[in-house]
Amino acid sequence: MKRRFLTLAVFLGLGLPSAALAQQRSITVASTTSTEQSGLFGYLLPRFTAKTGIKVNVVAVGTGQALDIGRRGDADVVLVHDRAAEEKFLAEGFGVKRFDVMYNDFVVIGPKRDPARAAGHDVGDAFRKIAAAQARFISRGDRSGTHAAELRFWQEARIDVHAFKGGWYREIGQGMGSALNMAAAANAYVLSDRGTWLSFKNRGDLAILVEGDRRLFNQYGVMLVNPAKHPNVKAAEGQAFIDWLLSAEGQSAIADYRIGGEQLFFPDQVQGSGIRSQ
């Protein structure tokens, strides 16, 4: 009987430090490639884990795929950047509540010599000039938030870009890093989030050509996957992650992340950040 009690005690972890048990907790966050490839998560997550003992496993894909992972119940939290798709996710009952967490902006990247003469501060004008010049353009084509924004800009410019697939317009079905690499290799234009561009090393002859248009505003939202839909969701741990992101500590950590002295993301709960415009 004593042996059985001792075995049960060991099995339950009696006598182990509480921190050791806490380290065994984990959540899965489905998020965009921009949060991963920009290095933001590499900066934030160790701080969250150190505070809570909760490990965060990230699945970095396009926003559309991240939301589909949430719909299947294969993630506890989604952190993405396509407001219309996020609201649809909530309306379908797959999310509990959406919170603005941070923002940055999109930029149009292209060859420094700018063969389409697209440079300026008007994304619609830039896209029309790229189409008129039939200059090479790399599209992510992956249902990401960046891809959705790009398609919206083409539509606003009254360009039926699907008619040019396989010609000067090329969809690759991959993430932001791959799109930037391909644009650098082909000396092509591409739409990127600023955070990934700033962390991108293989720039070749590329540079930012279009920025500052209010339509380039890029908002990120975070949601807990609904445990009423998927009982396997780790609701307490997932909510702890969301609460930390929205706390003064989490928001300050987002603001503090920089590359080459330049801030990549701007927290929504901190006033006075510079690029916000909706």
Side-chain angles (χ1 to χ4, degrees), residues 11-13 20-38 40-103 140-149 151 173-178 193 196 218-247 250 253-254 265 268:
F11 178 75
L12 292 175
L21 293 177
Q23 286 291 343
Q24 296 172 5
R25 294 187 295 161
S26 67
I27 59 171
T28 297
V29 174
S31 189
T32 69
T33 59
S34 59
T35 51
E36 179 76 6
Q37 292 175 353
S38 66
L40 178 69
F41 273 155
Y43 182 80
L44 293 182
L45 299 186
R47 288 162 172 75
F48 170 72
T49 300
K51 183 175 182 66
T52 65
I54 301 171
K55 179 183 177 183
V56 180
N57 301 306
V58 176
V59 182
V61 290
T63 285
Q65 296 175 67
L67 292 172
D68 285 344
I69 290 170
R71 286 186 176 93
R72 296 194 300 269
D74 293 331
D76 305 295
V77 173
V78 293
L79 198 165
V80 291
H81 63 141
D82 183 350
R83 186 62 176 262
E86 294 164 46
E87 290 177 348
K88 183 173 185 290
F89 183 82
L90 283 174
E92 293 169 345
F94 289 108
V96 174
K97 186 176 181 180
R98 182 194 172 281
F99 298 92
D100 285 341
V101 62
M102 63 186 184
Y103 61 93
R140 285 179 56 168
D142 62 350
R143 297 175 54 232
S144 63
T146 304
H147 182 220
L151 293 179
Q174 298 183 49
M176 197 68 256
S178 297
D193 68 282
T196 305
N218 181 28
Q219 177 70 59
Y220 288 79
V222 64
M223 296 176 282
L224 180 71
V225 176
N226 193 349
K229 285 270 191 182
H230 298 289
N232 59 299
V233 167
K234 298 174 183 175
E237 292 85 351
Q239 189 61 51
F241 178 60
I242 292 172
D243 290 345
W244 183 82
L245 285 175
L246 300 177
S247 71
I254 291 169
F265 297 91
D268 276 290

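Throughout, residue positions are numbered sequentially from 1 according to the sequence presented. Values below: every heavy atom of this structure, side chains too, minus hydrogens, waters and symmetry copies.
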Asks: Could you check whether the rings of Phe265 and Tyr220 sit parallel, tilted or perpendicular, using 30° and 60° as the cut-offs?
Replies: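 Perpendicular: the ring planes of Phe265 and Tyr220 meet at over 60°.
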Asks: Do you know the tightest heavy-atom contact between Glu36 and Ala60?
Replies: CB-CB, 3.6 Å
Asks: If I compare all heavy atoms of Ala253 with all of Leu44, which pair ends up nearest, and what's the gap?
Replies: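 In this case the closest contact between Ala253 and Leu44 is CB-CD2, 3.6 Å.
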Asks: Considering all heavy atoms of both residues, which atom of Val233 and which atom of Asn226 are nearest to each other, and what is their separation?
Replies: CG2-O, 4.5 Å
Asks: So Val96 and Pro227, do their side chains get closer than 4.5 Å, heavy atoms only?
Replies: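 In short, these two side chains touch, coming nearer than 4.5 Å.
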Asks: The criterion is salt bridge (Lys or Arg N to Asp or Glu O under 4.0 Å); which residues satisfy it with Asp68, sequence neighbours excluded?
Replies: Arg71, Arg143
Asks: Would you say the side chain of Val101 lies within less than 4.5 Å of the side chain of Ile254, judging by non-hydrogen atoms?
Replies: yes
Asks: Could you go through the side chain to side chain contact (heavy atoms under 4.5 Å, CB included) check for Val77 and Val222 one step at a time?
Replies: CA-CA 7 Å; Val77 173; Val222 64; 3.6 Å; yes
Asks: Is there side-chain contact between Arg47 and Lys51, with heavy atoms separated by less than 4.5 Å?
Replies: no
Asks: Nearest 0.5 Å, what's the OG1-CZ distance between Thr33 and Arg140?
Replies: 3.5 Å
Asks: Of the options Gln239, Lys234, Glu237, which is the one that meets Asp76 in a side-chain contact (heavy atoms from CB on, under 4.5 Å)?
Replies: Lys234
Asks: Within this structure, what is the OG-NE2 distance for the pair Ser144 and His81, rounded to the nearest 0.5 Å?
Replies: 5.5 Å
Asks: Looking at Asn232 and Gly73, would you say the former's side chain and the latter's main chain have a donor-acceptor pair under 3.5 Å?
Replies: yes
Asks: When you measure from the side chain of Arg98 to the backbone of Arg83, do you find a donor-acceptor pair of N or O atoms at a distance under 3.5 Å?
Replies: no
Asks: Report the distance from atom CG of Asp74 to atom NE2 of His230, rounding to the nearest 0.5 Å.
Replies: 8.0 Å
Asks: Run the numbers on Glu92 and Lys229 for side chain to side chain contact (heavy atoms under 4.5 Å, CB included), then give the verdict.
Replies: CA-CA 10 Å; Glu92 293 169 345; Lys229 285 270 191 182; over 6 Å; no
Asks: Stepwise, does the side chain to side chain contact (heavy atoms under 4.5 Å, CB included) test hold for Ile54 with Ile27?
Replies: CA-CA 7 Å; Ile54 301 171; Ile27 59 171; 4.2 Å; yes
Asks: Please state whether the rings of Phe94 and Phe89 are parallel, tilted or perpendicular, taking 30° and 60° as the class boundaries.
Replies: tilted
Asks: Report yes if some heavy atom in the side chain of Thr32 is under 4.5 Å from a heavy atom in the side chain of Leu79; otherwise report no.
Replies: no
Asks: Provide the closest heavy-atom pair for Thr35 versus Ser38 in the form atom of the first, atom of the second, distance.
Replies: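 Shortest heavy-atom contact: O-OG, 3.5 Å.
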Asks: Between Ala148 and Asp82, what is the shortest heavy-atom contact and its length?
Replies: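 Smallest interatomic distance, heavy atoms only, reads CB-OD2, 3.3 Å.
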Asks: If you compare all heavy atoms of Gln219 against all heavy atoms of Met102, which two are closest, and at what distance to 0.1 Å?
Replies: NE2-O, 2.8 Å
Asks: Hey, does Phe99 have a side-chain heavy atom less than 4.5 Å from the side chain of Asp243?
Replies: no
